[in-house]
Number of protein chains: 4
Amino acid sequence: MIVTVDPGSTVPPYDQIREQLTTMIQAGVLAAGVRLPSIRQLAADLGLAPNTVARSYRELESAGLIITRVGRGTTVSRLPTLPAAERQRLLRAAAESYLATAARLGSTVDEAIAALRSGA
Amino acid sequence: MIVTVDPGSTVPPYDQIREQLTTMIQAGVLAAGVRLPSIRQLAADLGLAPNTVARSYRELESAGLIITRVGRGTTVSRLPTLPAAERQRLLRAAAESYLATAARLGSTVDEAIAALRSGA
Amino acid sequence: MIVTVDPGSTVPPYDQIREQLTTMIQAGVLAAGVRLPSIRQLAADLGLAPNTVARSYRELESAGLIITRVGRGTTVSRLPTLPAAERQRLLRAAAESYLATAARLGSTVDEAIAALRSGA
Amino acid sequence: MIVTVDPGSTVPPYDQIREQLTTMIQAGVLAAGVRLPSIRQLAADLGLAPNTVARSYRELESAGLIITRVGRGTTVSRLPTLPAAERQRLLRAAAESYLATAARLGSTVDEAIAALRSGA
DNA sequence: GTGGTCTAGACCACG
DNA sequence: GTGGTCTAGACCACA
């Protein structure tokens, strides 16, 4: 699954989808020209109404990140990806956020790392 | 700093504060009887209006997690903490979320772990 | 009625609404701070589903032309209006388009002008 | 030029061409038997691909408004034209639409009429 | 099959 | 009351 949605979050599903796809496209993980799953397909996979996914795609399109053509699906547009330094900065930020959460749960750094390995 | 706020997030600051304190209290990291920083102190530390922090405290109080008594400040209530299994489950969930973000940034598990160590 | 929708047009209603409001705001006919009709009210007036009007408003908001606050309605944002020269240019363009349509219907300029007066 | 196309419009060019020719034929401005410009000629005049104009002609032909015969070009069919009352109704509709646009631009009826004269 | 639009109605949060 | 979101389903145009 290319994207995941947490139904318990206060962040609306269409926003979660948009944010995750934005990250992947800007990081170059989804390269220019790659075809995204169809609206109906992704909606079915996530258990959402097609309209919800359509809204995410529509906003990505108006942001210039993807190109949609009726009858031909949706592809990632040709845009410069984030430089490696910026990707590294974002990874650091995510790491800090994870460590902060772990600390709030009373875990040490080693336990936090172990949780990563066990989940892999 | 006991708590951090991301001003760029769409999640309102009072929600971020409430969530983080809730986690720490339920996990037992903030033990019963521990005194929280004053509203004005925490607001000053975070660069927020006192009203914002007050709202977080108010919601935590109505949830029974903290007790505010005039003249004695705000302390953590005497409530059962989450069992270890539940804490472990939450840590796993946070780990998975972090790994997913790292993957969206094009990072491997090893790179994700390295980012934890370098940030520590 | 502040805006009209032609259901027979191939231009979708949400686009018609957005375009008309955009013109009025940029021309300064709807001044900064003016309150727009509520989504439900305008939808009822136009015989549309509230979602349709909501989509127009959402796009106007993301374009920075209006400000919506839940529970408090929608107002025109404080933006520079088009200079008089540009408004005049747009009026000329509309006039030419009307004359072209009239000519296609076999009408003279005088008949086109007479139609304006009789409709007034 | 018999027909004009607005490249900035969301209405596809072939639709704009079809609509304008339809109006002129139904109004009798283009009388039965009149020869239309060739597809290539009109495409060149409008700066469009011949395929685009061809599509407009094809749709007009299937609607019975024009007749294409190889070697003899394209001519307007022998069809009853709109009665005068209907032409008048369409002119009124166009006038109202123009006045509405002018009003959205902050113009009075007199200014709208003046714009017609200055453009003529 | 694809995406685009619209409807009718639901529930939520805010004020 | 306000807007925000989502659903379930419809019809359309395009390929």
Side-chain angles (χ1 to χ4, degrees), chain A residues 5-19 21 35-62 65-77, chain B residues 10-15 18 51-52 55 58-59 62, chain C residues 5-19 21 35-62 65-77, chain D residues 10-15 18 51-52 55 58-59 62:
Chain A
V5 162
D6 173 10
S9 167
T10 62
V11 179
Y14 82 89
D15 246 354
Q16 296 184 41
I17 297 169
R18 185 179 49 71
E19 282 171 8
L21 290 177
R35 176 145 175 209
L36 293 181
S38 79
I39 288 178
R40 288 169 170 90
Q41 182 62 49
L42 186 52
D45 289 351
L46 297 173
L48 298 172
N51 256 341
T52 303
V53 177
R55 178 166 179 182
S56 304
Y57 277 26
R58 194 190 316 142
E59 296 190 352
L60 287 166
E61 161 124 66
S62 79
L65 290 173
I66 65 177
I67 298 172
T68 70
R69 273 169 300 186
V70 184
R72 305 217 291 169
T74 303
T75 56
V76 176
S77 60
Chain B
T10 61
V11 179
Y14 72 83
D15 248 355
R18 183 180 47 70
N51 262 342
T52 304
R55 176 163 181 182
R58 197 185 327 132
E59 296 186 357
S62 75
Chain C
V5 163
D6 173 10
S9 167
T10 61
V11 179
Y14 81 90
D15 246 355
Q16 297 184 40
I17 296 169
R18 185 181 48 71
E19 284 172 6
L21 290 178
R35 177 147 176 209
L36 293 182
S38 80
I39 289 178
R40 287 169 170 90
Q41 182 61 51
L42 185 53
D45 289 351
L46 296 175
L48 297 172
N51 257 341
T52 304
V53 175
R55 179 165 177 185
S56 304
Y57 277 25
R58 195 190 315 139
E59 297 191 351
L60 286 166
E61 161 123 67
S62 78
L65 289 173
I66 65 178
I67 297 171
T68 70
R69 274 169 298 187
V70 184
R72 304 216 292 169
T74 304
T75 55
V76 176
S77 60
Chain D
T10 61
V11 179
Y14 71 83
D15 249 356
R18 183 180 46 70
N51 263 342
T52 303
R55 176 163 181 182
R58 196 187 326 130
E59 296 187 354
S62 76

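Given the structure is predicted, the values throughout are model-derived calculations rather than measurements. Chain identifiers are assigned alphabetically (A, B, ...) following the order of the sequence lines, protein sequences preceding nucleic acid strands; residue numbering begins at 1 within each chain.
Between A:D6 atom CG and F:dC6 atom C1' there is a gap of 16 Å when expressed in whole angstrom units. Note: CG (C:D15) to P (E:dG4) measures 13 Å, nearest angstrom. Taking atom CG of C:L48 as the reference point, atom P of E:dG9 lies 15 Å away to the nearest angstrom. Between the C1' atom of F:dG3 and the CD atom of C:E61 lies a distance of 10 Å, rounded to the nearest Å. Between the P atom of F:dG4 and the CD atom of A:Q16 lies a distance of 19 Å, rounded to the nearest Å. Protein atom CZ of A:R72 is 7 Å distant from nucleotide atom P of F:dA15, rounded to whole Å. Between A:I66 atom CD1 and E:dG3 atom C1' the separation is 11 Å, expressed in whole Å. Look at CZ on C:R35: it is 13 Å from P on F:dG1, rounded to the nearest Å.
You'll find that the side chain of C:R40 is closest to F:dT2, out of F:dC14, F:dT7, F:dT2. In the set E:dT5, F:dT2, E:dG3, the nucleotide with an atom closest to the side chain of C:Y14 is E:dT5. Nearest nucleotide to the C:N51 side chain, out of F:dT2, F:dT7, F:dG4: F:dT7.
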#### Entry: Worked verdict on A:N51 versus A:Y14 for side chain to side chain contact (heavy atoms under 4.5 Å, CB included)
CA-CA 9 Å; A:N51 256 341; A:Y14 82 89; over 6 Å; no
### Message
Using the rule given for side chain to side chain contact (heavy atoms under 4.5 Å, CB included), can you reason through A:I17 versus A:V5, listing the C-alpha separation, both sets of side-chain angles and the distance that settles it, and then say yes or no?
### Response
CA-CA 7 Å; A:I17 297 169; A:V5 162; 3.7 Å; yes
### Step-by-step side chain to side chain contact (heavy atoms under 4.5 Å, CB included) determination, A:R55 to C:R58
CA-CA 12 Å; A:R55 178 166 179 182; C:R58 195 190 315 139; 3.2 Å; yes
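Applying a 4.0 Å cut-off to non-hydrogen atoms, the residues of residues 52-60 of chain C that approach DNA chain E are C:T52, C:R55, listed by residue number.
Both C:I39 and A:A49 lie near DNA chain F, and the one whose nearest nucleotide falls closer to the 5' end is C:I39. In this structure, D:P12 and A:P13 both approach DNA chain F, and ranking their closest nucleotides by distance from the 5' end singles out A:P13.
In this structure, F:dC14 forms a base pair with E:dG1, meeting either the Watson-Crick or the G-U wobble geometry with both donor-acceptor distances under 3.5 Å.
Contact between the side-chain N/O atoms of C:S38 and the OP1/OP2 oxygens of F:dG1 is not found at any separation under 4.0 Å. Side-chain nitrogen and oxygen atoms of A:T68 include none within less than 4.0 Å of the OP1 or OP2 phosphate oxygen of E:dT2.
In this structure, CG on C:L65 lies 11.5 Å from CD on C:E59, to the nearest 0.5 angstrom.
A side chain to side chain contact (heavy atoms under 4.5 Å, CB included) with A:S77 holds for exactly one of A:I67, A:I66, A:L60; it is A:I67. Results of the side chain to side chain contact (heavy atoms under 4.5 Å, CB included) test with A:L48 over A:P7, A:S56, A:P13 single out A:P13 as the only residue that passes.
Between C:Q16 and C:D6 the shortest side-chain heavy-atom distance falls below 4.5 Å.
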